[in-house]
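Chain identifiers are assigned alphabetically (A, B, ...) following the order of the sequence lines, protein sequences preceding nucleic acid strands; residue numbering begins at 1 within each chain.
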Amino acid sequence: MSVSSPSSVDPTRISDLPKLVGTTATVSGWVTHLRSSGKIAFIVMRDGTGLLQCVVPKKEVSEATWEQFGALTLETSITVSGEVRTDARQVGGVEMGLKELTILGASALDYPIQPKEHGVDFLLDNRHFWLRTPRQVAIMRIRNEIEQAIHDFFYERGFLRVDTPILTAAIGERSGLFATEYFDEGNAYLAQTGQLYGEAAAAAFGKIYTFGPTFRAEKSKTRRHLTEFWMIEPEVAFNDTHANMRLQEDFVSFLVQRVLERRPAELTEVGRDVSKLEKVKAPFPRIDYGDAVAILQKKGSTVQWGDDLGAEDESLLVEDHELPVFICNYPKKAKAFYMKENPDDPRTVLCNDLLAPEGYGEMIGGSQREDDHDKLRARIIEEQLPVEAYAWYLDLRKYGTFVHSGFGLGLERTVAWICGTPHIRECIAFPRMMHRLHP
RNA sequence: GGCCGCGUAGCUCAGCUGGUAGAGCAGGUGACUGUUAAUCACCGGGUCACAGGUUCGAGUCCUGUCGCGGUCGCCA
């Protein structure tokens, strides 16, 4: 490694330029548009922080610089120097009168992404380039804002972040596991949830959350599913199902308000109707499962008590609301074995889904956990799960069991709803789907 | 996996009741001093996914295969 030299200062970014009006600045980036009119030319460049138009009048630059302009192609990486000046016609309010132009890295003529419409399949094939475009940059900045807000929300409330294993023995939910060989231990599976480990951690630290990738090998082909997605799973000791729902609505409201406050330009870039987001403040409506079935039947649905709710049912329930909606206390047989039996109606469990408005579907699934050792063990056997694998999980009920609850928030579904994107595949840098492992 | 749909130029698409393969953008050449996905002129660009069938003749109709998308289920 070389030692630092006097020239190794932090580079100026396009977003810094409004503060530098009247000075000569040097910026590096990539060419996004080229226009020329014989004796005046324009370079629009990007550097990840914004766009900058450089004006190149033939008679004000050297002949060599003018010829270099002719060599530019889309996405050539360049360094430009020149006077920063205000110009009301530009997006950032400034432009550069170019004096010097250096080509850092040439770009082949067949750069696939053009300033025009493309199909989604083509764009996903070129995801490594698609990410450079303004809309995608905006979505990723909003995603990043949400991720930071998640950490801030829990940190401020005294939660401990726990990183749970990605390689697991078969535990958690049952269907759609990705398997891989694991030394002499047989198969390991990519984690579908960190929850069970989260429960153990909650007994150690009180309030915890996990934040990591999760994997589902289901052959889902819908706009709401990925095979690899990021999930946030809080788990709180001594919180019952009601406290759990209060945490969820405070959490979701916090995330939405944070994006509204700090990323208004990005919301504009993605074309989001923010008036709908501005209404998202706790408390959210709560509909008991039994009432939901009655509402659905009144709307003409054929659901019967005991059925799980389908995507169409969810849309019908959400259509009358501008806020996310809780659906509470589903029938036991429609839900996972670890959910606590409802003492007021043992046919049901203490749980909730949180449905996002505008048809974005299930954003959160949460529940109070079964804390009775014998009932939990019976449920594991009833579901024909291998009891031995759950020995440590049952131990949590054997040594100081405790009321506790938690939930899982799907990051990409949350980003999709807040950004208003039609498909969650735009909400993660490199989506993994059934038919997509590249790039 | 069920159902529906799509596959034509580098990209986005048009191509009718079957009759010699099209446009816009991108690329090349040239013009133009304030453009915002600049504009204008000219030029190059095709195994119509693949295989078979019907027909004088198939991008078009039929059958099959492959690839992909949407939707449902699974869930976040």
With a 3.5 Å limit on both atom pairs, tell me what [N] is paired to, counting Watson-Crick and G-U wobble, or say none.
N	value
B/rG69	B/rC4
B/rU60	none
B/rA41	B/rU29
B/rG24	B/rC11

NZ/NE/NH1/NH2 to OD/OE distance under 4.0 Å, A/D152 and A/R258: yes
Audit row: A/E362, A/R413, salt bridge (charged side-chain N to carboxylate O under 4.0 Å, His left out) steps and yes/no: CA-CA 8 Å; A/E362 190 179 335; A/R413 286 188 183 175; 5.0 Å; no
Please report, rounded to the nearest Å, how far the [atom2] atom of [N] is from the [atom1] atom of [X].
X	N	atom1	atom2	answer
A/K335	B/rC74	NZ	C1'	11 Å
A/L309	B/rC75	CG	C1'	13 Å
A/R216	B/rG73	CZ	P	16 Å
A/M434	B/rG70	CE	P	12 Å
A/K221	B/rC6	NZ	C1'	12 Å
A/R224	B/rU71	CZ	P	7 Å

What integer number of Å spans the [atom1] atoms of [N] and [M]?
N	M	atom1	answer
B/rC6	B/rG45	P	31 Å
B/rA9	B/rA21	P	15 Å
B/rC48	B/rU60	C1'	10 Å
B/rA14	B/rG73	C1'	37 Å
B/rC13	B/rA26	C1'	14 Å
B/rA58	B/rA51	P	14 Å
B/rC4	B/rU8	P	22 Å

Could you write out each protein N or O paired with an N or O of nucleotides 11-14 of chain B at a distance under 3.5 Å?
{"residue": "B/rC11", "atom": "O2'", "partner": "A/H118", "partner atom": "ND1", "Å": "2.6"}
{"residue": "B/rC11", "atom": "O2", "partner": "A/K116", "partner atom": "NZ", "Å": "2.4"}
{"residue": "B/rU12", "atom": "OP1", "partner": "A/G119", "partner atom": "N", "Å": "3.2"}
{"residue": "B/rU12", "atom": "O4'", "partner": "A/K116", "partner atom": "NZ", "Å": "3.4"}

Quiz item: A/S220 side-chain donor-acceptor pair to B/rC74 base, under 3.5 Å: yes
Under 3.5 Å donor-acceptor pair, A/R35 side-chain atoms to B/rC32 base atoms: no
Earlier contact from the 5' end, RNA chain B, for A/Q90 and A/T227: A/Q90
Closest-nucleotide ordering on RNA chain B, the 5'-leading residue of A/M433 and A/L34: A/L34
Pairs satisfying side chain to side chain donor-acceptor pair (under 3.5 Å), at least one member in residues 97-115 of chain A, at least two apart: none
Closest nucleotide among B/rG69, B/rG34, B/rC74 to the A/D87 side chain: B/rG34
Which nucleotide in B/rG73, B/rA76, B/rA38 has an atom nearest any side-chain atom of A/H225: B/rA76
Plane angle bin for A/F407 and A/F251 - parallel if under 30°, tilted between 30 and 60°, otherwise perpendicular: tilted
Ring geometry between A/F178 and A/F215 (parallel below 30°, tilted from 30 to 60°, perpendicular above 60°): perpendicular
Contact check, side chains of A/F69 and A/L98, non-hydrogen atoms, under 4.5 Å: no
Check: A/N244 side chain, A/G406 main-chain N or O, donor-acceptor pair, under 3.5 Å: yes
Main-chain N/O of A/R432 paired with A/R425 side-chain donor or acceptor, under 3.5 Å: no
A/R89/A/E95 under salt bridge (charged side-chain N to carboxylate O under 4.0 Å, His left out): CA gap, chis, key distance, verdict: CA-CA 9 Å; A/R89 291 167 292 193; A/E95 67 176 16; 5.1 Å; no
Whether over 12 other heavy atoms sit under 6.0 Å from A/K299 NZ: yes
Sugar-phosphate only, base, or nothing, as touched by A/I364 at under 4.0 Å among non-hydrogen atoms: sugar-phosphate
Stretch residues 39-74 of chain A: residues that reach within less than 4.0 Å of RNA chain B through a heavy atom: A/K39, A/I40, A/F42, A/Q53, A/V55, A/K59
